Amino acid sequence: NGLRELGKAATYTEAVSDIKENATTVVDGNASTIDRIGAGVSLASELLPVSVGYEKDRVNTLYNKEELDENKHKRP
C-alpha cells in the first residue's frame, strides 16, 4: 500500500509541475508563439475533465460505426 500511495503522490506532483510549467510558458513574453500555443493547449487538456485524445478516439469510433452500418445494408 505504501508504494502505491507513493506512486500516486509522484503522479500528482508531476501533473502539478506540468501545469505550473505550462502556465509559466503561456505568460512568458520571451516564449515563441508556437511554444505559448502548445503550452496553452496542453494546459487546457490538463484542466478539462476529458482528454483531447479521448475525444478524438470517440469521434473516430463513431465514424467507423457509421461506415460499418452503411456497408451492412449494401448488397454484395
Side-chain angles (χ1 to χ4, degrees):
N1 284 343
L3 289 176
R4 187 179 321 168
E5 293 303 316
L6 184 60
K8 287 180 186 178
T11 301
Y12 176 76
T13 302
E14 184 177 328
V16 169
S17 176
D18 288 347
I19 290 170
K20 181 180 176 187
E21 183 179 331
N22 286 325
T24 301
T25 301
V26 167
V27 298
D28 182 2
N30 294 323
S32 71
T33 302
I34 297 294
D35 287 343
R36 292 173 80 180
I37 290 171
V41 168
S42 180
L43 186 60
S45 73
E46 289 285 339
L47 298 176
L48 292 174
V50 177
S51 75
V52 173
Y54 172 79
E55 287 302 318
K56 287 166 92 176
D57 290 344
R58 209 171 83 158
V59 168
N60 287 336
T61 300
L62 289 174
Y63 280 125
N64 290 337
K65 183 183 180 318
E66 288 175 3
E67 187 176 303
L68 288 172
D69 288 345
E70 287 175 10
N71 289 334
K72 188 187 302 183
H73 298 293
K74 290 181 181 176
R75 293 182 184 243

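Keep in mind the model is a prediction, meaning the values are calculated, not measured. Counting from 1, the numbers follow the sequence of the chain as shown.
- Under the side chain to side chain contact (heavy atoms under 4.5 Å, CB included) criterion, Ser42 pairs with Asn22, sequence neighbours left out.
- Among all heavy-atom pairs drawn from Thr25 and Ala31, the shortest one is O-CB, 3.8 Å.
- The distance from the CG atom of Asn30 to the CG atom of Asp35 is 11.5 Å, given to the nearest 0.5 Å.
- Residues that satisfy the side chain to side chain contact (heavy atoms under 4.5 Å, CB included) test with Thr33, not counting sequence neighbours, are Ile37.
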